[in-house]
Amino acid sequence: MVYDDKFPIAAQLFIRLKRSPGRVIDVTWMLENEMYALEVLRVARAADAESAELANRYEALLRARPGKAAAAPAAQGGAMFARTGAFTAAGTGAQATSEETVAPEVGRHYVGALR
Amino acid sequence: MSNRTAFSRLMSLTLIALASPAYAQPTTVGFDQISAGDTAWMLSSTALVLLMTIPGLALFYAGMVRKKNVLATALQSLCICALITVLWVFIGYSLAFTPGTPWIGSLDRLLLDGMVYIKETSQLSVSHIAPTIPESVFVMFQLTFAIITPALITGAFAERMRFGSLMVFMTLWSLLVYVPVAHWVWEPGGWLASLGALDFAGGTVVHINAGAAGLVCAWMLGPRAGYGKDAFLPYNLALTMVGASLLWVGWFGFNAGSAVAADGRAGMAMLVTQVATATAVLVWITVEWMTRSRVTVLGACSGAVAGLVAITPASGFVNVGGALVIGLAAGIACFWGATGLKRLLRADDSLDVFGIHGIGGLVGALLTGVLADKSIGGVSGNLGIQAIGAFGTLIYSAAVSFVILLAIRYTIGLRVSTDEERSGLDLSLHSEQII
């Protein structure tokens with residue numbers, strides 16, 4: 001399977017949409033088909049604020065690299081979910097955003113305070 | 001000096017200024033009247049202070065915001081640099097550094113009118129404040145201070161202000177707040193200078209001023225979406241450390257350059273700057289370790305900036321012992337300012353502009369009144385007058401900033417839309433992105 005930096009966001013969308021409006025999406029197809037991805041993003045924006053933010057981030061990546069959705073270099077190993085449920089990119093080789101790579105205790109430190 | 005005496009003196013100054021318009025043109029002197037050593041040092045200092053904003057402050061702030069706002073944050077410092085430069089030569093320098101009244105300078109030097117360099121007759125103009133260096137160098141040196149002050153404010157409203165509104169705010173703030181306060185403190189006829197308020201390099205003019213404005217900005221713009229609930233992860237604290245290091249080195253131009261001479265007082269200012277900064281770093285990381293069992297990069301960088309800020313007003317007046325005390329006080333007070341006080345104030349001062357620059361500036365200004373060594377600066381401090389200067393500036397800056405922000409809010413608007421904030425300012429405002 002091919003992973004790129006949209007994968008972690010698509011995976012989070014999968015979880016959120018399954019929980020909240022109860023919609024199940026095809027993450028792999030979302031990465032390969034832009035039309036399908038845009039439809040998922042439309043559904044996500046209508047779901048809740050967090051899903052809408054994920055949709056915005058996904059769309060930003062789509063715009064940044066048009067037509068390269070399925071052409072990202074293959075990563076070694078698979079993405080995994082930490083015990084907390086937060087996505088981590090450890091072992092994926094994918095260039096995830098800082099929000100995804102952070103350890104839980106670091107994330108907690110930055111809630112409401114920088115220092 | 002009692003408060004009553006100070007008030008009488010102030011009123012007399014105002015009456016004199018109103019009765020007799022001051023002569024605001026510079027003095028023209030021969031090349032041989034210029035000190036090569038002073039000029040060389042001031043040229044170097046000017047470059048060092050400019051380096052503090054671009055790239056120092058730009059990197060310092062850019063490293064602390066989220067990835068989606070890094071470019072926008074760095075861009076703000078660069079654009080403020082350009083904006084203030086043009087404003088300064090048009091009108092800012094004239095209003096700040098000509099005699100005028102105790103409250104504001106004159107318009108006699110618009111577009112730097114009267115500033116000359118005539119090779120044929122070997123003459124050039126000098127400022128009455130800095131008679132041993134060319135006026136062009138003094139204009140540039142003061143410009144770099146005028147640049148970094150508004151640039152500091154951007155940390156308070158990071159990640160949510162519209163770019164156009166920011167430029168309008170900075171224009172108005174620079175002319176209505178920075179310029180008058182610089183005149184009050186650094187022009188010999190300014191009302192705070194006349195009272196005897198001590199501010200060697202800008203603890204009041206730069207840091208209290210920017211800190212107060214930053215706090216008002218944070219209140220007026222409101223918190224970022226998700227503030228207090230989501231983790232706002234800094235993009236890259238290595239950038240912040242590089243930025244803080246550039247600030248530290250550049251600060252030698254800021255403080256030692258404020259002697260406006262290559263002399264022993266500049267040397268003392270440099271030494272106490274280093275001592276206070278180092279002390280504040282050690283104190284901050286100690287407090288951090290005691291309260292959180294960790295020493296962090298951001299903590300060490302914050303301690304350094306806190307020490308630099310606090311020693312700024314005192315740098316030409318205190319000895320090494322005083323610097324140690326100021327560094328100690330700054331480390332503790334600014335740690336509280338960026339943590340406990342921040343929670344009390346309930347404002348999303350994103351990068352702790354008030355907590356560090358406002359509090360650090362107040363600590364430095366007040367302690368200058370206590371620790372000033374007459375053998376170094378030729379004057380003794382007065383805590384009461386220092387308090388008048390510090391809190392007077394704080395109140396003025398906050399009040400005028402509030403009015404400016406209110407005007408912008410009801411005309412062109414202050415904040416980006418919710419969607420733009422979610423997408424990040426890099427993409428939504430500038431169509432650029434860090435991949």
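Residue numbering restarts at 1 for every chain, and letters A, B, ... go by the order of the sequence lines. Side chains are part of it too, since the values below use all heavy atoms of this structure and drop only hydrogens, waters and symmetry mates.
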Just checking heavy atoms, which of residues 421-434 of chain B are less than 4.5 Å from chain A?
R422(B), S423(B), L427(B), Q433(B)
Write out, in numerical order, the residues from residues 339-359 of chain B with a heavy atom short of 4.5 Å from a heavy atom in chain A.
T339(B), K342(B), S350(B), L351(B), D352(B), I356(B)
Could you tell me which residues satisfy side-chain contact (heavy atoms from CB on, under 4.5 Å) with A210(B), sequence neighbours excluded, listed by chain and number?
T149(B), L152(B), I153(B)
Within a reach of under 6.0 Å around CZ of R19(A), are more than 12 heavy atoms found that belong to other residues, nucleotides or ligands?
no
Do the side-chain N and O atoms of R45(A) and N56(A) include a donor-acceptor pair separated by under 3.5 angstrom?
yes
Between Y36(A) and D26(A), the two heavy atoms sitting closest are OH-N, 2.9 Å
Output yes when K68(B) and E53(A) qualify as a salt bridge under the 4.0 Å nitrogen-oxygen rule, no when they do not.
yes
For residues 295-303 of chain B, dump all side-chain donor-acceptor pairs below 3.5 Å to protein atoms at least two apart in sequence or in another chain.
| unit_1 | atom_1 | unit_2 | atom_2 | d |
| --- | --- | --- | --- | --- |
| T296(B) | OG1 | E288(B) | OE1 | 3.2 |
| T296(B) | OG1 | E288(B) | OE2 | 2.6 |
| T296(B) | OG1 | G299(B) | N | 2.8 |
| S302(B) | OG | R115(A) | NE | 2.5 |
| S302(B) | OG | R115(A) | NH2 | 3.4 |
| S302(B) | OG | L298(B) | O | 2.5 |

Value for CG (L166(B)) from CZ (R162(B)), rounded to nearest 0.5 Å, stands at 11.5 Å
Please flag which part of R224(B) lies under 4.5 Å from any non-hydrogen atom of chain A: side chain, backbone, both or neither.
neither
Has R16(A) got more than 12 heavy atoms of other residues, nucleotides or ligands less than 6.0 Å from its CZ?
yes
Are side-chain N/O atoms of T277(B) and W251(B) paired as donor and acceptor at under 3.5 Å?
no
Side chain from CB out, backbone as N, CA, C, O: work out which of these in E59(A) comes under 4.5 Å of a heavy atom of chain B, or both, or neither.
neither
Out of curiosity, L41(A) CG to L54(A) CG, how far, rounded to the nearest 0.5 Å?
10.0 Å
